[in-house]
Amino acid sequence: MLLNPFKFHSPADLNEAVRLHNSLNNARILAGGTFVINTLKSLKNMGVKTPENIISLKKIREIKGISRSKEELSIRSMVTITELFESPEITENFPVLKTACRHIATNPIRNMATVGGNLTCRYTWTELGAILVALDAQMHFAGSDGREEIISLEEFFKNQARSSKILKSVSIKYEKNTRTSYQRVRKSSEVDVPLLAVCIKTNFIKKRFADTRVVINNGLEFARRDLKLETFLDSVEPGNQTAASALDHLDTSIYDTKEDDYKKAMFRVSIKNAVNEILQGSKK
Amino acid sequence: MILNINKKQYTVDIQGHETLAEVLRDTCGLTGTKMSCNEAECGACTVIINKKAVLSCITLAADVEGEEITTIEGLSDGDNLHPVQQAFLDHGAVQCGFCSPGMILASKALLDQNPKPDQNDIAYALDGNICRCGGYLKIFDAVRAAAEEKSSVKDKKV
Ligand SMILES: Cc1cc2nc3c(=O)[nH]c(=O)nc-3n(C[C@H](O)[C@H](O)[C@H](O)COP(=O)(O)OP(=O)(O)OC[C@H]3O[C@@H](n4cnc5c(N)ncnc54)[C@H](O)[C@@H]3O)c2cc1C
């Protein structure tokens, strides 16, 4: 057997899932399973105690699918990376998410892994976080009293992605004149995994950056904003030298990945590419 | 519990912690599904669930009750191989054969969704399947040939 025994629960609705999650001892949520099942195998191999209860979210309809209202897009937590990639709504309005989904993991993993799992699994290097912080996404959790609790993804990451609640969905506001760029560097292994990433979102108005959000994933910490670079980009008259000058306005504490000095050089290239891509304006 | 595998119903007496790969092989006797890395990296355990290629080594069997599961045993129609299987044979796309079930199923899932894939589409669909013999060129040739075969059969029908 690959796994230690546990009790498997497959609630049909969210209330039941919340009730089980609150009442069961030593329970773990199962979404697409790409992290949980691998983790349970490793823990077993290391002789470490594993959860007694697994609560699968697979049968819960309320947390599947993508929908839009006038102002915002709602991505439910059980939407898979493939579903996000294939969604016409994402292609049309948030192409940067599509770009990221294209490069995540491998085809079978993209078919299984969910947005909720990618954001809440507490691995710092997963990728949707940087983009969704740049898009100022809000996370909608199912509170234990049945009420919805909303927190920005940026705050969630500042709290080290700690939560004992079930994530229902993520919402993003539609904005006009938005330009975005996502640059990521991979590390080769059996399956290439991300090493670092940069996402820039700006409202490009009258040929200037406005309300820019620059989000950095250095792989070691949860994705966070470089406020110094944002201020610079919002204040500058864009020109040929903007991308190069941007490199003199970085919050260096974010890029200091201690042991991996070569990453600093990769960050500089990624930031330059991102600023140039925004200036060229190919993406929405 | 009842599992729908290859359009047949299997009544199985299993526990919650059993992976689909283990149940397919050890309980249902469908040993065409291979287990290799057991870490979601190699693709040998690929099966198709609800038209998508997924990894049975990280899927709990109990979690796919009621879903439509296809393993390599479900592809041929009696003695008639599925076009993708036939193309793998015709193009020598099988060396040690360990990755073949996963490769073929991932290719079938691709062609069912996109009958005329280009080289990039094939690479994208097979990026989770590792061939330890390094036979990728022949595998890609086989997938392209299967796509042509499938579309010519379709054209003849029209
Ligand atoms: C080989 C491999 C390569 C990978 N490569 C990449 C990559 O290139 N880029 C990348 O971004 N990621 C990568 N990943 C990570 C992958 O994207 C994540 O594993 C996936 O998104 C997690 O989602 P899941 O649905 O499988 O989560 P699960 O494994 O099912 O769950 C993980 C944990 O997340 C929490 N959780 C899940 N859903 C919810 C919810 N709705 N509410 C509350 N908590 C929840 C639970 O704590 C759960 O235990 C890779 C993974 C593997 C195995």
Side-chain angles (χ1 to χ4, degrees), chain A residues 1-12 27-45 50-60 64 78 80-83 85-86 101-113 117 186 189-193, chain B residues 1 14-23 25-27 35-67 102-103 105-107 109-110 113-114 117 120-132:
Chain A
M1 286 289 157
L2 294 171
L3 301 170
N4 282 332
F6 50 72
K7 197 152 191 290
F8 178 76
H9 307 265
S10 187
R28 186 93 195 244
I29 297 284
L30 175 71
T34 60
F35 262 145
V36 177
I37 303 295
N38 268 349
T39 308
L40 296 182
K41 285 180 203 166
S42 312
L43 294 176
K44 180 183 181 210
N45 291 341
T50 48
E52 290 157 34
N53 292 286
I54 293 290
I55 305 169
S56 167
L57 303 181
K58 202 172 234 167
K59 298 262 180 327
I60 307 176
K64 291 184 182 177
M78 286 298 282
T80 63
I81 307 293
T82 297
E83 285 167 346
F85 178 72
E86 291 176 349
C101 289
R102 184 170 181 86
H103 298 291
I104 286 180
T106 62
N107 179 41
I109 291 176
R110 290 187 291 270
N111 289 339
M112 301 175 76
R186 301 186 286 180
S189 67
E190 292 83 349
V191 173
D192 289 358
V193 287
Chain B
M1 173 183 306
I14 55 166
Q15 292 180 293
H17 64 285
E18 292 184 56
T19 64
L20 180 61
E22 291 168 306
V23 170
R25 292 177 58 84
D26 304 338
T27 311
M35 292 173 74
S36 181
C37 76
N38 290 328
E39 287 180 351
E41 289 184 346
C42 75
C45 68
T46 303
V47 298
I48 298 175
I49 299 186
N50 298 339
K51 302 195 167 72
K52 297 278 185 206
V54 301
L55 301 171
S56 60
C57 81
I58 51 166
T59 301
L60 295 180
D63 213 15
V64 292
E65 189 183 11
E67 301 191 22
M103 286 283 183
L105 287 165
S107 306
L110 164 70
Q113 194 183 355
N114 174 5
N120 286 340
D121 298 328
I122 298 172
Y124 190 62
L126 298 187
D127 67 357
N129 295 78
I130 295 176
C131 169
R132 65 185 178 184

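Letters A, B, ... mirror the listed sequences (proteins, then strands); counts begin at 1.
Considering only heavy atoms from C-beta on, F8(A) comes within 4.5 Å of D63(B) through its side chain. R102(A) has its side chain within reach of Y124(B): a pair of non-hydrogen atoms, C-beta onward, lies under 4.5 Å apart. Proximity of K52(B) to P108(A): side-chain heavy atoms (C-beta onward) are nowhere separated by under 4.5 Å.
For chain B, the nearby part of L30(A) is the side chain; its heavy atoms alone come within less than 4.5 Å. Heavy-atom distances place the side chain of M112(A), and not its backbone, under 4.5 Å from chain B. Neither the backbone nor the side chain of T80(A) comes within contact range of chain B, judged by heavy atoms closer than 4.5 Å. Contact of L60(B) with chain A is made through the side chain alone, with heavy-atom distances under 4.5 Å. For C37(B), no part lies under 4.5 angstrom from a heavy atom of chain A. In this structure, chain B has no heavy atom under 4.5 Å from any part of K7(A). For chain B, the nearby part of N4(A) is the backbone; its heavy atoms alone come within less than 4.5 Å.
In summary, the side chains of D127(B) and T106(A) do not present any donor paired with an acceptor at a separation below 3.5 Å, with no hydrogens or angles considered.
Put simply, of G102(B), A40(B), A106(B), the one with the most heavy-atom pairs under 4.5 Å next to chain A is A40(B). Note: C57(B) leads C57(B), G66(B), A21(B) in heavy-atom pairs under 4.5 Å with chain A. When K59(A), K41(A), H9(A) are compared by the number of non-hydrogen pairs under 4.5 Å with chain B, K41(A) comes out ahead. Of the listed residues (G32(A), S10(A), S42(A), S56(A)), the one with the most heavy-atom contacts under 4.5 Å to chain B is S56(A). For the set I58(B), I49(B), V54(B), the entry with the most heavy-atom pairs within less than 4.5 Å of chain A is I58(B).
N107(A) places no side-chain N or O within donor-acceptor distance of the main-chain N or O of G128(B), the cut-off being under 3.5 Å.
The side chain to side chain contact (heavy atoms under 4.5 Å, CB included) test with L2(A) singles out one residue from E18(B), H17(B), E22(B), and that residue is E22(B).
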